[in-house]
Structures are given as structure tokens and as C-alpha cells.
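Any value given below was found using the heavy atoms of this structure, including those in side chains, with hydrogens, waters and symmetry copies removed.
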Amino acid sequence: MKQNKKHLLLSPSKESYEEKWGKTISYGSIALIGLVVISIIFFLTGKGLALFFKDRANVWQFLTSSNWEPSHNSFGALPMIVTSFVVTLLAGLIAAPFALIIALAINEIFPKWFGKILQPIIELLVGVPSVVYGFAGLILVTPVLRSIFGGSGFGILAAVVVLFMMILPTMVSMMVDSLRATPKTFRTASYGLGATRWQTLHMVVIPSAKGGLLTAIVFGMTRAFGEALAVQMVIGNAALMPQNLMSPAATLTSVLTTGMGNTIMGTSANDALWSLAFVLLVMSLVFNILIKLINKKRG
């Protein structure tokens with residue numbers, strides 16, 4: 001009897017078994033996700049470099065030439081790279097101040113009951129499919145731009161407006177969370193020193209949440225850079241170097257979505273599209289590294 005009690009006391013408990021299985025499942029899931037990510041990176045790297053190793057295309061010409069005609073073995077990706085950066089930067093620069101103002105209003109100015117109503121609406125807009133934004137741009141934005149500036153209405157400006165509408169809710173949602181993470185004692189101390197609400201926001205709250213605010217901006221720009229369908233519907237899809245904001249152009253993602261189904265696997269034209277995908281992957285990794293650096297500095 002005593003030996004049985006001693007055995008029960010020394011044997012692992014039910015909770016320890018559950019903890020062990022929980023750790024096993026968690027580590028297994030992490031390993032699976034890591035394996036999938038590494039596989040994607042290796043796959044895209046192999047496919048993306050085939051144009052230069054198999055088809056003997058020149059890397060420098062690929063990055064600096066503006067002539068994109070895969071059917072004639074001319075692979076100049078510069079127009080798409082420039083357009084992708086221009087559209088992303090413009091959308092991010094326009095959305096950032098609007099997002100900050102809205103986030104400050106929700107967190108610091110509006111009554112709490114109104115903020116509790118407004119924030120779920122904004123978070124709901126984050127999950128709206130990109131095709132809806134693209135369709136809204138096609139039906140609403142391009143006719144307005146056509147009536148104001150003339151032309152077809154399709155071009156860089158239309159894509160910027162659509163991306164602005166897409167990334168604004170994402171930025172606002174992340175900025176609100178960042179502002180709410182600022183300790184209330186900072187505000188109390190500022191008010192105790194005689195600072196006004198605007199001085200507290202400008203000198204205390206915003207600097208304290210700077211890391212999170214920058215992360216929201218970069219994250220929004222990352223989404224804009226990788227967006228395909230919404231941009232494709234309004235940008236005009238012309239693989240030309242942009243001349244002005246109303247000129248039709250093409251981004252990396254829009255060329256990929258329009259061209260991938262029209263090429264034969266293994267041909268130079270198809271390899272060129274994989275090279276564009278590889279460039280897109282590299283830039284996405286750069287954006288993610290930038291977010292990590294901002295969070296590290298924040299910590």
C-alpha cells in the first residue's frame with residue numbers, strides 16, 4: 001500500500017502530461033511553419049534566378065532597362081520596380097498623417113463610447129477583400145479622376161487612392177493599439193506639470209508610442225507593396241516608365257497577375273515573371289526586417 005502511494009506521488013501528474021503534449025504540438029507547429037517558409041524562399045529563389053543562370057539574361061539590364069518585352073527576350077523590370085515604389089511611398093505618406101489623426105481622435109479626444117463604436121468599424125474595414133477596394137476604385141475613383149484630369153482615369157494616381165483606402169484602416173487599428181499601450185502615468189505626470197492636452201499628445205504620448213506608430217506605417221506600406229488585384233484593376237497595366245501621376249503604368253504584382261497565366265512554364269517569358277516574384281519576395285523581406293529593427297529599437 002505504501003509503495004503504491006509512493007509510486008503515485010512520484011509519477012508525473014495529468015497536468016505535466018498536458019504541458020508536455022502542449023509543448024510538443026507548439027514546437028511541431030513552429031517547425032512546420034518554418035519549413036514552409038524556408039521551402040517557399042528556396043523555391044522562389046531557384047525559379048527567380050533561372051532567368052539569369054539558364055536563360056543567360058543580364059542582371060544589370062534586368063534591373064536598369066525600361067524595355068519589358070518578354071516575347072522578344074527583352075527583360076527590363078525597372079518600370080515595374082519604380083512604379084511599385086512610387087505607388088507604395090505615395091500611399092504610405094498620404095495615409096500616415098490621416099491614420100495618426102484618426103487614431104489620436106479615437107484614443108484621446110472622442111468620448112470612450114464613440115471610440116468603442118468606431119474602432120470595430122475600422123477593424124472590419126481591415127478584413128474587406130482587396131477586390132472590393134479595386135471595384136470601388138474602378139467604379140468611383142477612375143470616373144472622378146477622368147472628369148478632373150482627363151484621359152482614361154487609369155494610372156498611378158488611381159492606384160494610390162485605392163491603396164490609401166486599403167491601408168488606412170490597417171494603420172489606424174495598429175496606431176490605436178500602440179497609443180493605448182502608452183502608460184497612463186505618463187499622461188498624469190504631464191498634466192500634473194501643467195501641460196495641456198495638445199502638449200501632452202505632442203510631447204509625451206506620440207514620442208512614447210513612436211516605435212509602434214512607425215511599425216504601423218511600415219506594415220501598411222508592406223501591404224501596399226504586395227497588393228495585386230486592387231492595383232491591377234485601376235493602374236492601367238502598361239509596363240512603361242511612369243511620366244506623371246495620370247499615366248498608365250504597372251507594378252510588379254500587376255504584371256505577375258496578368259502575365260503568369262499567359263506564359264508557358266520553362267520559357268524565358270515565364271522565368272522573367274518568376275524573377276519579378278523574386279524581387280517582390282526580397283522587398284517583402286526587407287520590409288519585415290525593417291519592422292523587426294523598429295520593434296527592437298522600441299524595446
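- For the pair A99 and L168, the tightest heavy-atom approach, listed with the atom from each and the gap, is N-CD1, 3.6 Å.
- With no hydrogens or angles considered, no side-chain donor-acceptor pair links S173 and Q119 at under 3.5 Å.
- Across all non-hydrogen atoms, the minimal contact from I156 to P242 is CD1-CB, 3.2 Å.
- The shortest side-chain heavy-atom distance between M165 and V141 falls under the 4.5 Å cut-off.
- Rounding to the nearest 0.5 Å gives a distance of 9.0 Å between CG of L276 and CG of L51.
- The cluster map of Ile, Leu, Val, Met, Phe, Trp and Tyr, joined by side-chain heavy atoms under 4.5 Å apart, puts I139 and V231 in the same cluster.
- The 12-atom threshold is not exceeded at CZ of F135, counting heavy atoms of other residues, nucleotides or ligands nearer than 6.0 Å.
- Hydrophobic clustering of Ile, Leu, Val, Met, Phe, Trp and Tyr side chains at less than 4.5 Å, counting indirect connections, keeps L93 apart from V162.
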query: Given W274 and F43, is the ring pair (Phe, Tyr, Trp, His ring centres under 6.0 Å) satisfied, shown in steps?
result: CA-CA 10 Å; W274 283 110; F43 176 78; 5.5 Å; yes
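- Summarising the local packing, OH of Y191 is surrounded by more than 12 heavy atoms from other residues, nucleotides or ligands at distances under 6.0 Å.
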message: Between L90 and L245, is the side chain to side chain contact (heavy atoms under 4.5 Å, CB included) condition met? List the steps.
response: CA-CA 10 Å; L90 287 177; L245 292 179; 3.7 Å; yes
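- Looking only at side-chain heavy atoms (C-beta outward), L100 and L104 come within less than 4.5 Å of each other.
- Under the 4.0 Å criterion applied to side-chain N and carboxylate O atoms, D271 and K54 are assigned as salt-bridge partners.
- Nearest heavy-atom pair, A249 versus L240, reported as atom, atom and distance to 0.1 Å: CB-O, 4.4 Å.
- Linking ILVMFWY side-chain heavy atoms closer than 4.5 Å, directly or via other members, places F52 and F42 in two distinct hydrophobic clusters.
- Only one option out of I38, V36, V37 pairs with I40 in a side chain to side chain contact (heavy atoms under 4.5 Å, CB included); it is V36.
- Side-chain atoms of S152 and R146 form no donor-acceptor pair, as typed in the model, at a separation below 3.5 Å.
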message: Could you walk me through whether L32 and Y27 satisfy the side chain to side chain contact (heavy atoms under 4.5 Å, CB included) test, starting with their C-alpha distance in whole Å, then the side-chain angles of each, then the deciding distance to 0.1 Å, before giving a yes or no?
response: CA-CA 9 Å; L32 180 61; Y27 290 145; over 6 Å; no
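- Counting heavy atoms of neighbouring residues, nucleotides and ligands inside a 6.0 Å radius, atom NZ of K116 does not exceed 12 of them.
- A heavy-atom distance below 4.5 Å is found between the side chains of V87 and L163.
- Between the T83 side chain and the P79 main chain, a donor and an acceptor come within less than 3.5 Å of each other.
- Taking CZ of F164 as the reference point, atom CD1 of I94 lies at 7.5 Å (rounded to 0.5 Å).
- Here the shortest heavy-atom pairing between I167 and G220 reads CG2-O, 3.2 Å.
- Distance check, rounded to the nearest 0.5 Å: CD1 of I30 to CG of L35 gives 13.5 Å.
- In the hydrophobic clustering of this structure, V176 groups with W113; members are Ile, Leu, Val, Met, Phe, Trp, Tyr whose side-chain heavy atoms approach within less than 4.5 Å, directly or through other members.
- Atom-to-atom distance recorded for S208:OG and M203:CE is 11.0 Å, nearest 0.5 angstrom.
- The distance between the ring centers of F219 and F287 does not fall below 6.0 angstrom.
- No donor-acceptor contact under 3.5 angstrom links the side chains of N237 and T258, judged on distance only.
- Separating the CG atom in N244 from the CG atom in L157 is a distance of 10.0 Å, to the nearest 0.5 Å.
- Proximity of a side-chain donor or acceptor of S74 to a complementary backbone N or O of N67 within less than 3.5 Å is detected.
- For S29 and S26, the side-chain atoms include no donor-acceptor pair closer than 3.5 Å.
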- request: Test I106 against V172 for side chain to side chain contact (heavy atoms under 4.5 Å, CB included), laying out the working first.
  value: CA-CA 9 Å; I106 292 174; V172 171; 4.2 Å; yes
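- The shortest heavy-atom contact between A216 and M175 is CB-CG, 3.8 Å.
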- request: Show your working on side chain to side chain contact (heavy atoms under 4.5 Å, CB included) between E108 and R187 and close with a plain yes or no.
  value: CA-CA 11 Å; E108 307 289 340; R187 298 174 176 82; 2.6 Å; yes
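- Here the side chain of N288 pairs a donor or acceptor atom with the backbone of S284 at under 3.5 angstrom.
- Between T253 and Q232, every side-chain heavy-atom pair lies at or beyond the 4.5 Å cut-off.
- The side-chain heavy atoms of L63 and L78, taken from C-beta on, include no pair separated by under 4.5 Å.
- With hydrogens and angles ignored, the 3.5 Å screen pairs no side-chain donor or acceptor of R223 with any backbone N or O of T170.
- Between the side chains of T251 and S84, no donor-acceptor pair of N or O atoms lies under 3.5 Å.
- At least one side-chain heavy atom of Y133 sits less than 4.5 Å from a side-chain heavy atom of L125.
- The two residues T182 and A209 make their nearest non-hydrogen contact at OG1-CB, 3.8 Å.
- Between the side chain of S247 and the backbone N or O of Q243 there is at least one donor-acceptor pair closer than 3.5 Å.
- A 6.0 Å sphere centred on CZ of F62 holds more than 12 heavy atoms belonging to other residues, nucleotides or ligands.
- Under the 4.5 Å side-chain criterion, counting only non-hydrogen atoms from C-beta, F75 is not in contact with Q61.
- At a threshold of 4.5 Å between side-chain heavy atoms, the hydrophobic network of Ile, Leu, Val, Met, Phe, Trp and Tyr places I25 and I33 in two separate groups.
- With a 4.5 Å cut-off on side-chain heavy atoms, F85 and M283 count as touching.
- Atom CD1 in I102 sits 8.5 Å away from atom CZ in F110 (nearest 0.5 Å).
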